[in-house]
Amino acid sequence: MSIWTQAERNAWAWPEPQLPSHWCDSGDLYIPDNGINPEPGPYSLSRTPYWREVIDLAVDPVIEQIWIYKPTQVGFTRLMINLICYFGDQAPGALGLLMPDEDSVDEIFGEELQPTIRQSPVMKPHLPARAWDETKQEIWLDSMPIFGLYAGSVQRLARRSLRYVIADEINKYRPFKQEASPIQLLLKRISNWGARAKALFGSTPTTEDGNITQGFNDCNDKRRLHVPCPRCGFYQQMHWAQVRGFREAEGTTKTERAEWVRRHKPCYFECIQCRGRMEETEKEASIAACTWLSDGQTCKDGKIIGDRPFSTKVGLHLNSLASPWLSFSKLAAEFIEAEGDIDKTRDFRNARQALPWESIVKRTRPSIVRDKKAIAPVPGIVPKWAIALYATFDTQKDWFAGVIRAWGWGFKSQLIWHGECHSGFDEVLEIGLNSRWQTEGGGIVSPKYLLIDSGGDRTEDVYDFALRDPRILPTKGASGQMRKLWSDSEVKPGVWLRVFDTSHFKSALWNLMHDPDPTKWLPHRDVSEQYCQEMASEHLVVDPKTKKRTWKETGNVRNEAWDLEVLQRLCAEMDNIAAAPAPAAESPQSHRDAGMEYTNPFARR
């Protein structure tokens, strides 16, 4: 029989540590009122709810490393300070705070960390008793020491045994000439603690070979912030391409347009599912309901569907659209001001979108399409030089985007129609094959073939649609380079899927758009600004290490129009437009691209 009563045992028991998120919301942790912080006083995660789940990863027994791919102005510095204080109060262990340089260490200790400890009721009991226990770069709490480290000092990095490491702006760390990198040296300092050790790395990205990009890519579990649509409840990432309302800004210069956006605040976020609007006034509520989903997971009615991959390393990505201090319109004004300025564009991509800057080989600017729009004819009229009309459609959740384009000798082309279908496959068929268009010389013509993207969640529906007419062909872009320009596979009886070399046909489209003859590839006179933007939605980049070239989305706008026009170029190739006879006034010299193969229309490969 125990000599201690239950009440006595409870009194002497070591208290169970709180979750970091609960501890931070206790009201006893203060943002210092020192003239630097715009929102001093008791700290609450309700201001930045996206950090709630992240800070709790610090006590997950499985997680050893956390890599945060972040923009500016999302409260990351405060997250670091809060986590340091939590360890000091709830889970002590020697901690190293690594910054890019010595000045950064002095700044964060003097302006953030030390004032927070002194002014927070929960941390005051841990203040050092002796004056020499607190310096510009070290704090010896009664529970644990905190060491300020900087990436340029091998000696400071190599001499301490640590349980925790927190590293900020790791892309600014310079490698040592004859030593391991600062990050590797830091990880060695915590190895003695085994699974009890924790490492947090955060940085705004710079280039694809930067430390944060490499660390994030090495994580088996990559999580991205998702928020619900206030209209339909669909959980999605917040991509810059879904910000609307600023492309019609008034003004003749980009400065005037940016100021108009700042003054009128017209911007909103468009749901990728229902296309409903998330107004600025609704953003806070949506962010409060956010969740972090691993790649492959979905969320429905607030419940996560799918398993997280097992990993001791977790990567997290968010951008500035989640920030409570940056409105949609403020970001849009910055985006407008960055147009045509390579340095501002790079900064917007790194600091706001939290995406690495890429070495761009080919890019299209919206102004290219706008300039062509000024010399283009009206929509709906087929030019007399046209040989064929093709229809292409992109499949969305419950609607379709479509293009009908006229093609002639030498891959000359002109947009006839660009729009959307919201009444299902019957409308796609009616417009894509049965529509009748007037020609310049008199007469009527209809589209010859209809190519439709088979991607997304409606693949089987697209295959069934293809059975309705032999002129309908489902397509899919290949993920890598192909030996042939396309190949076919019978996906169900009577339905052939054409898989094509995406990179080749995107480059072929880009070449047409940038041909010295501005009329070689034309939109029509009434295309929207959205169409102009979407035609600039992808660029060709080169990997600095492998030198491999890849077409990637810019992340600035949706890309339906671009995808549709790529399918148009594919259809023209399949129909052997290059072999069509040249007009009498034209040279019969072939316009075929070097190295391309030509076959009969729609021949199986």
Q: If you round to the nearest 0.5 Å, how far is CD of Glu553 from CG of Asn559?
A: 4.0 Å
Q: Measure the spacing between CG of Leu564 and CE of Met535 and express it to the nearest 0.5 Å.
A: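 With rounding to 0.5 Å, CG (Leu564) is 9.0 Å from CE (Met535).
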Q: Taking atom types as modelled and ignoring hydrogens, do the side chains of Glu573 and Trp486 form a donor-acceptor contact shorter than 3.5 angstrom?
A: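 The criterion, which ignores hydrogens and geometry beyond distance, is not satisfied for Trp486 and Glu573.
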Q: Report yes or no: do Arg436 and Ser446 form a side-chain donor-acceptor pair below 3.5 Å?
A: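 Per modelled atom types, Arg436 and Ser446 side chains form no pair under 3.5 Å.
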Q: State whether Asp488 and Arg498 are salt-bridged, where the test is any N-O pair (Lys NZ or Arg NE/NH1/NH2 against Asp/Glu carboxylate O) under 4.0 Å.
A: yes
Q: Suppose the criterion is side chain to side chain donor-acceptor pair (under 3.5 Å): which pairs have a residue in residues 327-336, not counting sequence neighbours?
A: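 Applying side chain to side chain donor-acceptor pair (under 3.5 Å) to every pair that reaches into residues 327-336, excluding sequence neighbours, yields Glu334-Arg352.
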Q: For this output row, return yes or no: ring centroids of Trp240 and Phe335 closer than 6.0 angstrom.
A: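 Under 6.0 Å, so yes.
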Q: Decide whether a cation-pi geometry holds between Lys412 and Trp385; the criteria are a distance under 6.0 Å from NZ or CZ to the six-membered ring centre and an angle within 45° of the ring axis.
A: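 Yes, a cation-pi geometry holds between Lys412 and Trp385.
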Q: Between atom CD1 of Ile416 and atom CG of Leu389, what is the distance when rounded to the nearest 0.5 Å?
A: 6.0 Å
Q: How close do Ala338 and Thr345 get, heavy atom to heavy atom, and via which atoms?
A: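 That would be O-OG1, 2.9 Å.
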Q: Got Gln242 and Gln236 here, is their nearest side-chain heavy-atom distance under 4.5 Å?
A: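 Side-chain contact under 4.5 Å: yes.
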Q: Among Arg277, Glu279, Glu282, which one satisfies side-chain contact (heavy atoms from CB on, under 4.5 Å) with Pro230?
A: Glu282
Q: Is the closest basic N to carboxylate O distance between Lys476 and Asp453 below 4.0 Å?
A: no
Q: Does a side-chain N-to-carboxylate-O contact under 4.0 Å join Asp343 and Arg346?
A: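 Yes, Asp343 and Arg346 are salt-bridged.
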Q: When you look at NZ of Lys492, are more than 12 heavy atoms from neighbouring residues, nucleotides or ligands closer to it than 6.0 Å?
A: yes
Q: Quick test of your reading: applying salt bridge (charged side-chain N to carboxylate O under 4.0 Å, His left out), list the pairs with at least one residue in residues 413-429, sequence neighbours left out, ordered by first then second residue.
A: Arg275-Glu420, Asp426-Arg468
Q: Does a side-chain heavy-atom distance below 4.5 Å link Ile404 with Trp437?
A: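 A side-chain contact exists here, since the closest heavy-atom pair is under 4.5 Å.
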Q: Decide whether Trp325 and Ser320 meet the rule of one side-chain donor and one side-chain acceptor closer than 3.5 Å.
A: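 Looking only at side-chain atoms, Ser320 and Trp325 do not form any donor-acceptor pair under 3.5 Å.
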Q: In the structure I gave you, are the side-chain heavy atoms of Leu467 and Val495 within less than 4.5 Å of one another anywhere?
A: yes
Q: Under 3.5 Å, is there a donor-acceptor pair between the Gln533 and Arg247 side chains?
A: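 Side-chain D/A pair, Gln533 to Arg247: present.
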Q: With a 4.5 Å cut-off on side-chain heavy atoms, are Glu339 and Arg365 touching?
A: no
Q: Do you know which two heavy atoms are closest between Trp521 and Leu512, and how far apart they sit?
A: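 Closest heavy-atom pair between Trp521 and Leu512: CB-O, 3.7 Å.
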Q: Under a 4.5 Å cut-off applied to non-hydrogen side-chain atoms, are Phe269 and Arg244 in contact?
A: no
Q: In terms of side-chain heavy atoms, does Tyr69 have a donor or acceptor partner in Thr213 at a distance below 3.5 Å?
A: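 A donor-acceptor contact under 3.5 Å links the two side chains.
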Q: Does atom CZ (Arg549) have a neighbourhood of more than 12 heavy atoms from anything else shown, all under 6.0 Å?
A: no
Q: Would you call Leu450 and Phe465 a side-chain contact if the rule is heavy atoms closer than 4.5 Å?
A: yes
Q: How long is the gap from CG on Asn171 to OG1 on Thr206, to the nearest 0.5 Å?
A: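 The CG atom of Asn171 sits 3.5 Å away from the OG1 atom of Thr206.
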Q: In terms of side-chain heavy atoms, does Trp510 have a donor or acceptor partner in Thr364 at a distance below 3.5 Å?
A: yes
Q: Report, as yes or no, whether the 6.0 Å neighbourhood of atom CD on Gln73 holds more than 12 heavy atoms from other residues, nucleotides or ligands.
A: yes
Q: Looking at Glu538 and Arg363, is there a salt bridge between them, counting it only when a charged N and a carboxylate O are closer than 4.0 Å?
A: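 Answer for the salt bridge query: no.
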Q: If you take all heavy atoms of Glu208 and Lys552, which pair is closest and at what distance?
A: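 Glu208 and Lys552 have their closest heavy atoms at OE2-NZ, 2.7 Å.
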Q: Compute whether any side-chain donor of one residue and acceptor of the other, for Asp295 and Gln297, lie under 3.5 angstrom apart.
A: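 Result is no, nothing qualifies.
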Q: Do we get Arg223 above Trp292's six-membered ring, with its NZ or CZ under 6.0 Å from the centre and within 45° of the axis?
A: no
Q: Would a 4.5 Å heavy-atom cut-off, applied to side chains only, mark Leu567 and Phe393 as touching?
A: no
Q: Between His514 and Ile368, is the side chain to side chain contact (heavy atoms under 4.5 Å, CB included) condition met? List the steps.
A: CA-CA 8 Å; His514 294 81; Ile368 291 286; 4.2 Å; yes
Q: Counting only heavy atoms not in Gln481, do more than 12 fall under 6.0 Å of its CD?
A: no
Q: Applying side chain to side chain contact (heavy atoms under 4.5 Å, CB included), run through Arg569 and Tyr390 and close with a yes or a no.
A: CA-CA 10 Å; Arg569 181 61 182 79; Tyr390 307 129; over 6 Å; no
Q: Got a second to check how far Glu560's CD is from Thr395's OG1, nearest 0.5 Å?
A: 11.0 Å
Q: Could you check Glu565 against Tyr531 for side chain to side chain donor-acceptor pair (under 3.5 Å), going step by step and ending with a plain yes or no?
A: CA-CA 11 Å; Glu565 296 290 12; Tyr531 176 89; 2.6 Å; yes
Q: Are there more than 12 heavy atoms of other residues, nucleotides or ligands under 6.0 Å from atom CG of Asp517?
A: yes
Q: So do the side chains of Asp341 and Lys254 get within less than 4.5 Å of each other, counting heavy atoms only?
A: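 In contact.
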Q: Any salt bridge between Arg370 and Glu529, counting N to O under 4.0 Å?
A: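 A salt bridge links Arg370 with Glu529.
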Q: May I ask you to check whether over 12 heavy atoms, not counting those of Asn434, lie within 6.0 Å of atom CG?
A: yes
Q: In Å and rounded to the nearest 0.5 Å, what is the OH to CG distance from Tyr449 to Asp469?
A: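 That separation rounds to 11.0 Å.
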